[in-house]
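Read through the structure below, which is laid out as structure tokens, and then see the notes.
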Protein chains: 2
Amino acid sequence: MVSYVRRDSRLSGVLHVLLHMAQKDGPVTSDVLAKALDTNPVVIRRVMAGLRDQGYVHSEKGHGGGWTLACDLSKVTLRDIYAALGSPSLLAIGNRTDTPGCLVEASVNAALDKSFRSAEELLLARLGEVTLAALHADVHTRHAARGHSPRKAKTNG
Amino acid sequence: MVSYVRRDSRLSGVLHVLLHMAQKDGPVTSDVLAKALDTNPVVIRRVMAGLRDQGYVHSEKGHGGGWTLACDLSKVTLRDIYAALGSPSLLAIGNRTDTPGCLVEASVNAALDKSFRSAEELLLARLGEVTLAALHADVHTRHAARGHSPRKAKTNG
DNA sequence: TCTCACGTAACTTACCATGTTGCGTGATGG
DNA sequence: CCATCACGCAACATGGTAAGTTACGTGAGA
């Protein structure tokens with residue numbers, strides 16, 4: 001009855017991947033993406049599976065294959081991506097029990113749940129305000145601020 | 001470099017304990033509290049250590065010993081208790097890396113952090129609005145709604 | 001047909017709140 | 001003074017999950 005939850009960075013990772021894909025013309029292989037994120041290709045495929053199933057990206061096998069964007073970046077928000085990952089738990093703290101047999105605990109649960117829910121709602125709302133296009137534009141802005149030419153970006157890391 | 005975090009229910013547990021103590025006149029032993037929370041006395045002592053160090057509760061050894069409240073319930077909020085527990089992580093999702101060597105990741109981090117921070121701030125603010133006294137009153141309200149006499153409460157669970 | 005790249009299952013690892021055991025300390029009471 | 005109680009604390013065990021890894025299968029291109 002103990003719910004575990006590791007600090008989940010899948011959303012962060014997926015966004016990183018999507019933005020890298022947005023900077024490339026052709027398909028990008030899991031291997032290349034894995035190197036960019038300093039991780040394993042299988043991890044990339046695993047985490048991208050949900051996005052593929054929901055049509056945000058497309059994958060192709062064989063020579064010249066890899067991952068390509070299959071959506072309008074200006075119409076997809078971080079909240080959409082979060083949902084595509086299966087809407088994992090947002091909060092790291094929670095109630096001891098969902099079905100308290102004790103009035104005291106029921107009272108505690110009610111008070112905490114109220115706060116928890118409002119925080120979750122706010123977070124989801126904020127994620128819903130940010131489009132992938134906005135993020136992509138931000139990357140270019142940061143590049144310019146670094147004194148580089150916006151195109152032909154070096155995309156290590 | 002992977003930050004782990006189990007669904008933390010210490011706040012929930014501590015609040016449960018404090019409210020039970022508020023309903024008793026004398027000291028309450030870790031053993032009694034442990035039975036109420038269906039856990040181990042050592043766990044109670046461990047989680048209460050922070051509260052004791054910060055003066056919210058008092059502990060006494062020997063015969064007739066146990067835990068007693070040492071604060072004004074109307075002046076202590078859930079946020080105070082949360083802080084006394086060491087301000088554990090609130091969010092279950094986070095960035096892959098805190099120090100990105102990649103502009104793309106920096107951009108992702110910035111966007112997510114903004115949302116994360118606002119959610120955390122809201123949650124803390126909400127917790128800061130609820131006093132232990134309010135929770136205690138809520139327990140009595142729930143008791144009355146159950147058709148019991150407010151005093152002499154049965155405090156199982 | 002060989003290589004590439006994804007698809008997927010199975011296993012391992014890392015991490016940490018919680019559970020548990022054991023021993024020490026101080027206070028009460030006989 | 002000694003037995004008992006109750007906290008203090010260190011040390012170890014447990015359990016669950018994201019991420020890492022290995023292995024094998026499938027389909028597409030050269």
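What you see below is based on every heavy atom in this structure, not just the backbone, and it leaves out hydrogens, waters and symmetry mates. Residue numbers start from 1 in every chain, and the chains themselves are labelled A, B, ... in the order their sequence lines are given, proteins ahead of strands.
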In whole Å, what is the span from the [atom1] atom of [X] to the [atom2] atom of [N]?
| X | N | atom1 | atom2 | result |
| --- | --- | --- | --- | --- |
| B:Asp38 | C:dT18 | CG | P | 14 Å |
| A:Arg96 | C:dT18 | CZ | P | 10 Å |
| A:His58 | D:dG27 | NE2 | P | 15 Å |
| A:Asn40 | C:dC11 | CG | C1' | 13 Å |
| B:Leu11 | C:dT18 | CG | P | 11 Å |
| A:Leu33 | C:dC4 | CG | P | 18 Å |
| A:Lys35 | C:dA5 | NZ | C1' | 13 Å |
| B:Ile44 | C:dT18 | CD1 | P | 11 Å |

When you get a sec, tell me which of C:dG19, D:dA19, D:dG20 is the closest nucleotide to the side chain of A:Thr39? D:dG20
Check salt bridge (Lys or Arg N to Asp or Glu O under 4.0 Å) between B:Asp31 and all other residues, then give those that pass, not counting sequence neighbours. B:Lys35
In B/S/- notation, 5' to 3', how is nucleotides 6-12 of chain D contacted by protein heavy atoms closer than 4.0 Å? SBBBBB-
Given B:Ser118 and A:Leu122, is the side-chain contact (heavy atoms from CB on, under 4.5 Å) satisfied, shown in steps? CA-CA 8 Å; B:Ser118 60; A:Leu122 177 62; 4.2 Å; yes
Do any side-chain atoms of residues 78-88 of chain A form donor-acceptor pairs under 3.5 angstrom with protein atoms, and if so which ones, sequence neighbours left out?
unit_1: A:Asp80; atom_1: OD2; unit_2: A:Thr77; atom_2: N; d: 2.9
unit_1: A:Asp80; atom_1: OD2; unit_2: A:Thr77; atom_2: OG1; d: 3.2
unit_1: A:Tyr82; atom_1: OH; unit_2: A:Pro88; atom_2: O; d: 2.5

For residues 40-60 of chain B, run the donor-acceptor check on the side chains, cut-off 3.5 Å, and write out each pair with its distance to 0.1 Å, sequence neighbours left out.
unit_1: B:Asn40; atom_1: OD1; unit_2: B:Val42; atom_2: N; d: 2.9
unit_1: B:Arg45; atom_1: NE; unit_2: B:Ser30; atom_2: OG; d: 3.4
unit_1: B:His58; atom_1: NE2; unit_2: B:Glu60; atom_2: OE1; d: 3.0

Test of understanding: with side-chain hydrogen bond (donor to acceptor under 3.5 Å, both in side chains), list the residues that count as partners of A:His63, not counting sequence neighbours. none
Report the residues that fulfil side-chain hydrogen bond (donor to acceptor under 3.5 Å, both in side chains) with B:Thr39, sequence neighbours left out, ordered by chain and then residue number. none
